[in-house]
Asker: 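Structure incoming, see below.
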Amino acid sequence: MEYQQARRFIKETEKSGIIYGLDSIQSLMAHLGNVQEQVPYVHTAGTNGKGSVCAMLAQILASSGYRTGVYASPAVFDEREILKVNGIPVSKERYAQLIAKVQKACAEMEQEGLRHPTAFEAETAAAFCYFQEENCDIVLLETGMGGSLDATNLITHPLLSILTSISIDHRAFLGDTLKEIAEAKAGIIKPGCPCVTAPQKPEVLEVIRKAAAEKGSGLWEADSAFIARFAYDGQGSEFETAGYGNMESGREAAGLECAEAGFEADAPKSGKTGFTAAQEYAESAFESGKSGISSMASDLYSLHGKLALAGACQKENLACVLTAVSVLKRKGFRIPPEAVLKGLSDVRLPGRFEQIAARPDFYIDGAHNEGAALRLQETVQQCLKGRRTVFIIGVLADKEYKKVLEIMLPLAAEVFTVTPENPRALDGRELARQASEYRARAVYVPEISQAVHLAKAAAGEDGAVLAFGSFSYLRELKQAVRKE
């Protein structure tokens, strides 16, 4: 199979849409030898911040010397970016080989009278195979949507589960209320496996605490107050950490006994040394239910460095990442402070308040729900204050775009709307009509390249342009900016 044939198979499979549940992926992976059980995973769910948290943590782990995989979907700028090892996307040849293997398993399922897997299930299966074949030391695994019934939730015993910021999204699949959505996403918490949560709204945190208690899982709650100083501009951020205090809010994290606390005493009895013995000691401590250590590793108390990602949301994401680092250290991973600083300064994540041009400064961001829009609003007020700012907006019809418009449009000097090339897209004409309710003038532009030209002219060399609303049109827009 050639690469283009593999892409045609995925495109054709996409026509079946989204089918929520684990039955199909379980059957598919059974045909592929259940290789997902042979790789250590950090499983991440949430509404906003999954990409940033996984990118930061992956770069830190790679800088620590671990062969680190990342599975993150959907693709934004290149189809192969969903599968990476140490930051390098899967090659076209390897992608084609993986999809050919998955296609064969899908055909076998159909012959047995089973449903053909969805495109997401097929690519998730390819990811499981890829990371096992690549002998990854650890993999950052993002859910596609939700948690409990997401195809990635096939894994049974992750090293760690992470819940990033949770807000309203995907109501048709996850539920109408914030509590229902939080319950779906908390479904990635596994019995006896530790969980880290980013700062959450009280009603979300209550759901997560209950789920962790029911599963007997240690829960670590990241606190953005740990980041004593956080400053950012359009290029990146600078941060400084402080003493974390009681990270578990007075609760013992069941099984969070770290190698630092007792490995040195027990290792000689086992006759093992180094990472393997430390990891085995930490694993046994987790499983035995011993009470944990309620503070972050001391070598993370006084970090001062740069983060290559910008935006108001990154402070909470960073607190979540450093909390996850502490838990992984307690599971036996060797992550020195210098690797943490290098990883954060080297991390790259396109499409998150990313500057792609200058004169005028041109930014793109995938904010498409209320939670993300609130953070983007704060970022624009901080980074573009006092400058003439022009928006390009394209959205999907099934998103809460009215909330996004309400939050963002008061900051715009002018607004141009476009229609993303996506079957779920809201027509740009209708978006312009609704945007006009929040400001005097919003103009629909049929071609994205034309919207880029008009927005740059409207902003002027000293102004700024921000394109946001959906990831699905940012690739075409970025290409148009480069041609300009």
Asker: So, the side chain of D23 versus the backbone of Q26: is there a donor-acceptor pair under 3.5 Å, distance only?
Answerer: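 Here the side-chain-to-backbone pair does not exist.
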Asker: Run the salt-bridge test on E316 and R375 with the 4.0 Å N-O cut-off and return the result as yes or no.
Answerer: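 A salt bridge is present here (some side-chain N lies under 4.0 Å from a carboxylate O).
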Asker: A side-chain contact here means heavy atoms from C-beta on lying under 4.5 Å apart; do V340 and V321 qualify?
Answerer: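 Not in contact.
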Asker: Can you tell which of I10, I19, T152 makes a side-chain contact (heavy atoms from CB on, under 4.5 Å) with F120?
Answerer: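 The side-chain contact (heavy atoms from CB on, under 4.5 Å) with F120 is passed solely by T152 among I10, I19, T152.
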Asker: Are F333 and V325 close enough, and set up right, to give a side-chain contact (heavy atoms from CB on, under 4.5 Å), and what steps lead you there?
Answerer: CA-CA 9 Å; F333 283 81; V325 167; over 6 Å; no
Asker: Determine, step by step, whether Y401 and E370 satisfy the side chain to side chain donor-acceptor pair (under 3.5 Å) criterion, reporting the C-alpha distance in whole Å, the side-chain angles of both residues, the deciding distance to 0.1 Å, and the verdict.
Answerer: CA-CA 8 Å; Y401 58 87; E370 182 180 4; over 6 Å; no
Asker: Given ring-ring contact (aromatic ring centres under 6.0 Å, His included), test Y363 with F353 step by step and report yes or no.
Answerer: CA-CA 6 Å; Y363 295 89; F353 202 68; 4.4 Å; yes
Asker: Is it the case that the side chain of E484 and the backbone of V481 share a donor-acceptor pair, with hydrogens and angles ignored and the cut-off at 3.5 Å?
Answerer: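 Checking the backbone N and O of V481 against the side chain of E484, no donor-acceptor pair under 3.5 Å is found.
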Asker: If we ignore hydrogens and angles and just use 3.5 Å, is the side chain of N153 paired with the main-chain N or O of S148 as donor and acceptor?
Answerer: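 A pair under 3.5 Å: yes.
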Asker: For T47 and T164, work out which heavy atoms get closest and say how close.
Answerer: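 In this case the closest contact between T47 and T164 is N-OG1, 4.2 Å.
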Asker: Please report whether the ring centroid of F128 lies less than 6.0 Å from that of Y41.
Answerer: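 Ring centres of F128 and Y41 closer than 6.0 Å.
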Asker: Begin with the C-alpha distance, continue with both residues' side-chain angles, and end with the deciding distance and a verdict on side chain to side chain donor-acceptor pair (under 3.5 Å) for H368 and E400.
Answerer: CA-CA 7 Å; H368 60 269; E400 289 200 316; over 6 Å; no
Asker: Can you list, pair by pair, the side-chain donor-acceptor contacts under 3.5 Å of residues 58-65, counting residues two or more places apart and other chains?
Answerer:
residue: S63; atom: OG; partner: Q59; partner atom: O; Å: 2.8
residue: S64; atom: OG; partner: I60; partner atom: O; Å: 2.9

Asker: Looking only at non-hydrogen atoms, find the nearest pair between A151 and L22 and report the distance.
Answerer: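 Heavy atoms only, the tightest pair is CA-CD2, 4.1 Å.
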Asker: Would you verify whether the NZ or CZ of K315 falls within 45 degrees of the ring axis of F239 while also being under 6.0 Å from that six-membered ring's centre?
Answerer: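 Geometry flag: not set, cation outside 6.0 Å or 45°.
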Asker: Is it the case that the side chain of D150 and the backbone of T143 share a donor-acceptor pair, with hydrogens and angles ignored and the cut-off at 3.5 Å?
Answerer: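 No; zero donor-acceptor contacts below 3.5 Å.
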Asker: Roughly how far, to the nearest 0.5 Å, is CG of L309 from CG of L344?
Answerer: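 Between L344 CG and L309 CG, I get 8.5 Å after rounding to 0.5 Å.
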Asker: Of all the heavy-atom pairs spanning E81 and V76, show the shortest one and how long it is.
Answerer: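 That closest heavy-atom pairing would be OE2-N, 2.6 Å.
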Asker: Check for a donor-acceptor pair, side chain of T68 on one end and backbone N or O of Y66 on the other, with a separation under 3.5 Å.
Answerer: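 It does hold such a pair.
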Asker: Got a salt bridge between E110 and R115, using NZ or NE/NH1/NH2 to carboxylate O under 4.0 Å?
Answerer: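 So E110 does not pair with R115 through a salt bridge.
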Asker: Using the side chain to side chain contact (heavy atoms under 4.5 Å, CB included) criterion, which residues pair with T156? Sequence neighbours excluded.
Answerer: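 Scan of T156 (side chain to side chain contact (heavy atoms under 4.5 Å, CB included), adjacent residues dropped) gives E37.
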Asker: Would you check if there is a donor-acceptor pair between the side chains of Q36 and N34 at a distance under 3.5 Å?
Answerer: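 Distance-only check passes for N34 and Q36.
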Asker: Salt bridge or not between E2 and K92? Use side-chain N to carboxylate O under 4.0 Å.
Answerer: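 Salt bridge between E2 and K92, a charged N being under 4.0 Å from a carboxylate O: no.
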Asker: Could you tell me which non-hydrogen atom of L163 sits nearest to which non-hydrogen atom of C195, and how far apart they are?
Answerer: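 Closest pair (atom of L163, atom of C195, distance): CD1-SG, 4.1 Å.
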Asker: Does the side chain of V395 reach to within under 4.5 Å of the side chain of L431, using non-hydrogen atoms?
Answerer: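 A side-chain contact under 4.5 Å exists here.
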Asker: Provide the full list of salt bridge (Lys or Arg N to Asp or Glu O under 4.0 Å) pairs with a residue in residues 58-78, sequence neighbours left out, each pair given once.
Answerer: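 The answer is R67-E134, D78-R80.
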Asker: Indicate yes or no: does E79 engage R475 in a salt bridge with an N to O separation below 4.0 Å.
Answerer: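 So E79 pairs with R475 through a salt bridge.
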Asker: Do other residues, nucleotides or ligands put more than 12 heavy atoms under 6.0 Å from the CD atom of Q5?
Answerer: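 More than 12 heavy atoms, drawn from other residues, nucleotides or ligands, come within 6.0 Å of this atom.
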Asker: Nearest 0.5 Å, please: how far is CZ in R424 from CG in L396?
Answerer: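 With rounding to 0.5 Å, CG (L396) is 5.0 Å from CZ (R424).
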Asker: Please assess Q382 against E378 for the test side chain to side chain donor-acceptor pair (under 3.5 Å), listing each intermediate value before the final yes or no.
Answerer: CA-CA 6 Å; Q382 168 71 21; E378 187 178 345; over 6 Å; no
Asker: Can a donor-acceptor pair be found, under 3.5 Å and without considering hydrogens, that links the side chain of K190 to the backbone of I188?
Answerer: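 It does hold such a pair.
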Asker: Let me see the working for L411 and Q377 under side-chain contact (heavy atoms from CB on, under 4.5 Å), right down to the final yes or no.
Answerer: CA-CA 8 Å; L411 304 177; Q377 176 194 58; 3.8 Å; yes
Asker: Verify whether one side chain among Q97 and E93 offers a donor that lies under 3.5 Å from an acceptor in the other.
Answerer: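 The criterion, which ignores hydrogens and geometry beyond distance, is not satisfied for E93 and Q97.
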Asker: So, T417 side chain and G428 main chain: donor-acceptor pair closer than 3.5 Å or not?
Answerer: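 Looks like yes, one N/O pair under 3.5 Å.
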Asker: Could you go through E142 and K84, starting from their C-alpha distance and side-chain angles, then the distance that decides it, and tell me whether this counts as salt bridge (charged side-chain N to carboxylate O under 4.0 Å, His left out)?
Answerer: CA-CA 12 Å; E142 283 188 35; K84 293 181 181 178; over 6 Å; no
Asker: Can you establish whether the number of heavy atoms outside E447 located under 6.0 Å from its atom CD is more than 12?
Answerer: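 No, the 6.0 Å shell around CD holds no more than 12 heavy atoms from other groups.
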Asker: Using side-chain heavy atoms (C-beta onward) and a distance below 4.5 Å, is F362 in contact with V390?
Answerer: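 When only atoms from C-beta onward are counted, V390 and F362 do not touch, as no gap falls below 4.5 Å.
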Asker: Any side-chain to backbone donor/acceptor pair from T241 onto L303? Under 3.5 Å, distance only.
Answerer: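 Yes; at least one donor-acceptor contact below 3.5 Å.
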Asker: At their closest point, which heavy atom of A125 faces which heavy atom of L28, and how far apart are they?
Answerer: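 What the structure gives for the nearest pair is CB-CD2, 3.5 Å.
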Asker: Checking side chain to side chain donor-acceptor pair (under 3.5 Å) for the pair S52/Q314: CA distance, chi angles, key distance, verdict?
Answerer: CA-CA 8 Å; S52 295; Q314 301 304 348; 3.1 Å; yes
Asker: Might you work through the salt bridge (charged side-chain N to carboxylate O under 4.0 Å, His left out) test for K456 and E461, ending with a clear yes or no?
Answerer: CA-CA 8 Å; K456 289 176 66 175; E461 287 194 357; over 6 Å; no
Asker: Do the side chain of Q355 and the main chain of A357 share a donor and acceptor less than 3.5 angstrom apart?
Answerer: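 Checking the backbone N and O of A357 against the side chain of Q355, a donor-acceptor pair under 3.5 Å is found.
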Asker: Can you give me the closest heavy-atom contact between Q200 and I166, atom names plus distance?
Answerer: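 Shortest heavy-atom separation between Q200 and I166 comes out as OE1-N, 3.0 Å.
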Asker: So, applying side-chain hydrogen bond (donor to acceptor under 3.5 Å, both in side chains) with H31, which one of K101, E112, K104 is it?
Answerer: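 Considering K101, E112, K104, a side-chain hydrogen bond (donor to acceptor under 3.5 Å, both in side chains) with H31 is found only for E112.
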Asker: Flag the pair L477 / I356 as yes when at least one side-chain heavy-atom distance between them is below 4.5 Å, and no otherwise.
Answerer: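 Yes, side chains in contact.
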Asker: Should the heavy atoms of other residues, nucleotides or ligands under 6.0 Å from NE2 of H453 be counted, would the total exceed 12?
Answerer: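 Open: at most 12 neighbouring heavy atoms sit under 6.0 Å from NE2 of H453.
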Asker: Can you check whether G46's main-chain N or O pairs, donor with acceptor, with K50's side chain at less than 3.5 Å?
Answerer: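 At least one qualifying donor-acceptor pair exists.
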Asker: Counting neighbours of CD on E421 that are heavy atoms of other residues, nucleotides or ligands and sit closer than 6.0 Å, is the number greater than 12?
Answerer: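 Not more than 12 within 6.0 Å, no.
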Asker: Would you mind telling me which of V139, V90, V39 makes a side-chain contact (heavy atoms from CB on, under 4.5 Å) with Y130?
Answerer: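 Of V139, V90, V39, side-chain contact (heavy atoms from CB on, under 4.5 Å) with Y130 is met by V90 alone.
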Asker: Could you tell me whether F391 and F468 have their ring centroids closer than 6.0 angstrom?
Answerer: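 Ring centres of F468 and F391 closer than 6.0 Å.
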